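Taking it in order: structure first as structure tokens, then the write-up.
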Number of protein chains: 2
Amino acid sequence: MAKRISHKDSMCGVARPLDAIGDWWSLLIIRDAFDGLRRFGEFQKSLGLAKNILSARLRNLVTHGILDTVPASDGSPYQEYVLTQKGQGLFPLLVALRQWGEDFFFAPGEPHVTLVDTKSNQPVRRLELRAQDGRMLMAEDTIVVAPPLVDGRE
Amino acid sequence: MAKRISHKDSMCGVARPLDAIGDWWSLLIIRDAFDGLRRFGEFQKSLGLAKNILSARLRNLVTHGILDTVPASDGSPYQEYVLTQKGQGLFPLLVALRQWGEDFFFAPGEPHVTLVDTKSNQPVRRLELRAQDGRMLMAEDTIVVAPPLVDGRE
DNA sequence: CATATCGGTTGCAAATTGAAACCACAAGAG
DNA sequence: CTCTTGTGGTTTCAATTTGCAACCGATATG
């Protein structure tokens, strides 16, 4: 489960998260959690995966601090899985994934679900990357730079 | 390779993309592609994965229309892998992943690379979801709604 | 007591992954 | 021409992961 980048022990800001959510099911579980699902059985019914897989994924997400187990909300003697702060932080990523999926994985005119703002009942705006001064940025307008070196070490 | 959601044949806007980029390596390859890498050997050196895996991933990304193979740019008789339009569309997702990773996978003060706007040399703004009228939206302010039904069928 | 439901764990077979070896082709080197 | 080197893979095979199905334990329910 704990994979490692082979040739470099310190993983970058893109690689580290993939250790936590880099598999097929985890993001779908998290999406369902955003949709309000909380119980083991709810996830299983919604996703249709094997119970051992779901069990392993939930455990992984909990140990990574993305989900938390809380005792119960209705009388039942079981536990529920809820998003932590860290898990909630995945919302933009999920929206980005959804928007990309809608852009490129649906035929034009093919119906699909839409993410709407509950207040206005309008679809949400497209995610867009902007500079500090508000200019919209394309990929070519950006570059990743190394952190300022504090010691002598690279 | 072509996994299917078990109990429902039509996959939603979140699930469909995961068939294309839902594994550990693909997103890292795409990130490297955004960083300008194009050659098989460059990807392999950068990521340190086995050549058969890289070969399979690149093939998968090409068949999904995320990468394209172009003959050569310098004289060498080989081919290069470049992002298609569809692949470029993944940039916001990659940024979202990076920002989430920087938020939650680095100790406070721990140095990490930063995505900066090349024009101003400033870090890019945080991705944020907004309504049509510009209000910022949290996850709780949104809901996914089914498409309008055109026929009688669900 | 019998039965069902929820939330798992345990086998076990099948698919996937990945390290290492091998292969094909082109360009130099001697 | 032969030998070697670099690039871009494919093949082989062992180890890991996945996932179906069966089982399990605790708690209601009839």
Side-chain angles (χ1 to χ4, degrees), chain A residues 1-9 11 15 18-29 32-33 36-64 67-82, chain B residues 1-9 11 15 18-29 32-33 36-64 67-82:
Chain A
M1 184 65 69
K3 294 185 186 179
R4 293 261 143 249
I5 289 281
S6 50
H7 67 311
K8 197 93 170 186
D9 204 344
M11 303 198 294
L18 291 176
D19 193 42
I21 56 160
D23 70 286
W24 217 81
W25 291 114
S26 294
L27 265 182
L28 290 175
I29 293 171
D32 277 358
L37 272 54
R38 317 177 116 232
R39 296 283 285 263
F40 188 95
E42 290 180 321
F43 290 114
Q44 209 227 327
K45 186 143 60 73
S46 164
L47 298 172
L49 43 33
K51 295 202 285 184
N52 54 348
I53 309 294
L54 178 57
S55 180
R57 288 297 170 273
L58 287 173
R59 190 164 34 237
N60 185 43
L61 289 171
V62 168
T63 61
H64 275 93
L67 293 179
D68 201 3
T69 53
V70 300
S73 70
D74 55 349
S76 50
Y78 306 116
Q79 58 185 357
E80 303 186 336
Y81 298 88
V82 297
Chain B
M1 184 65 71
K3 293 185 185 178
R4 293 259 143 251
I5 288 281
S6 49
H7 68 310
K8 197 93 172 189
D9 203 345
M11 302 198 293
L18 291 177
D19 193 43
I21 56 160
D23 70 287
W24 218 81
W25 291 114
S26 294
L27 266 181
L28 291 175
I29 292 171
D32 276 0
L37 272 55
R38 316 176 118 235
R39 295 286 283 263
F40 187 95
E42 289 180 320
F43 290 114
Q44 209 228 327
K45 186 143 59 77
S46 165
L47 298 173
L49 43 33
K51 296 203 284 185
N52 53 349
I53 309 294
L54 178 57
S55 180
R57 289 296 170 274
L58 287 173
R59 190 163 35 235
N60 184 44
L61 289 172
V62 168
T63 61
H64 275 93
L67 292 180
D68 200 3
T69 53
V70 300
S73 69
D74 56 349
S76 49
Y78 306 115
Q79 58 185 356
E80 302 185 339
Y81 298 89
V82 296

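Fair warning: this is a prediction, and the values are worked out from it, not measured in the lab. Chain A is the first sequence line, chain B the second, and so forth, proteins listed ahead of strands; every chain is numbered from 1. Worth knowing before you read on, the calculation uses all heavy atoms, side chains too, and leaves out hydrogens, waters and symmetry mates.
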Salt bridge (charged side-chain N to carboxylate O under 4.0 Å, His left out) filter on Asp32(B), not counting sequence neighbours, yields none
From CG of Leu54(B) across to C1' of dT17(C) the rounded distance in Å is 14 Å
Open item on the list: Donor-acceptor pair, distance only, cut-off 3.5 Å: does the side chain of Thr63(A) make one with the backbone of Asn60(A)?
Closed with: yes
Sorted by position of nearest nucleotide on DNA chain D, 5' first, the leading residue of Pro77(A) and Asp23(A) is Asp23(A)
Between the protein and nucleotides 3-9 of chain C, list every N/O to N/O distance that falls short of 3.5 Å.
unit_1: dG7(C); atom_1: OP1; unit_2: Arg39(A); atom_2: NE; d: 2.6
unit_1: dG7(C); atom_1: OP1; unit_2: Arg39(A); atom_2: NH2; d: 3.1
unit_1: dG7(C); atom_1: OP2; unit_2: Gly41(A); atom_2: N; d: 3.1
unit_1: dG8(C); atom_1: OP2; unit_2: Tyr81(A); atom_2: OH; d: 2.8
unit_1: dG8(C); atom_1: N7; unit_2: Lys51(A); atom_2: NZ; d: 2.9
unit_1: dG8(C); atom_1: O6; unit_2: Lys51(A); atom_2: NZ; d: 2.7
unit_1: dT9(C); atom_1: OP1; unit_2: Arg59(A); atom_2: NH1; d: 3.3
unit_1: dT9(C); atom_1: OP2; unit_2: Ser55(A); atom_2: OG; d: 2.5
unit_1: dT9(C); atom_1: OP2; unit_2: Arg59(A); atom_2: NH1; d: 3.4

Here the distance between atom C1' of dA19(C) and atom CH2 of Trp25(B), to the nearest Å, is 13 Å
Just wondering, do Leu58(B) and Leu67(B) contact through their side chains at under 4.5 Å, heavy atoms? yes
Side-chain touch Tyr78(B)/Pro71(B), heavy atoms, less than 4.5 angstrom: no
Review point. Considering only heavy atoms from C-beta outward, does the side chain of Leu47(B) approach that of Ile29(B) to under 4.5 Å?
Key: yes
For Leu49(B) and Gln44(B), the nearest pair of non-hydrogen atoms, with its separation, is O-NE2, 3.2 Å
Between CG of Leu49(A) and C1' of dA15(C) the distance, given in whole Å, is 17 Å
Taken to the nearest whole Å, CZ/Arg57(B) to C1'/dG8(D) is 18 Å
From CD1 of Ile53(B) across to C1' of dA15(C) the rounded distance in Å is 13 Å
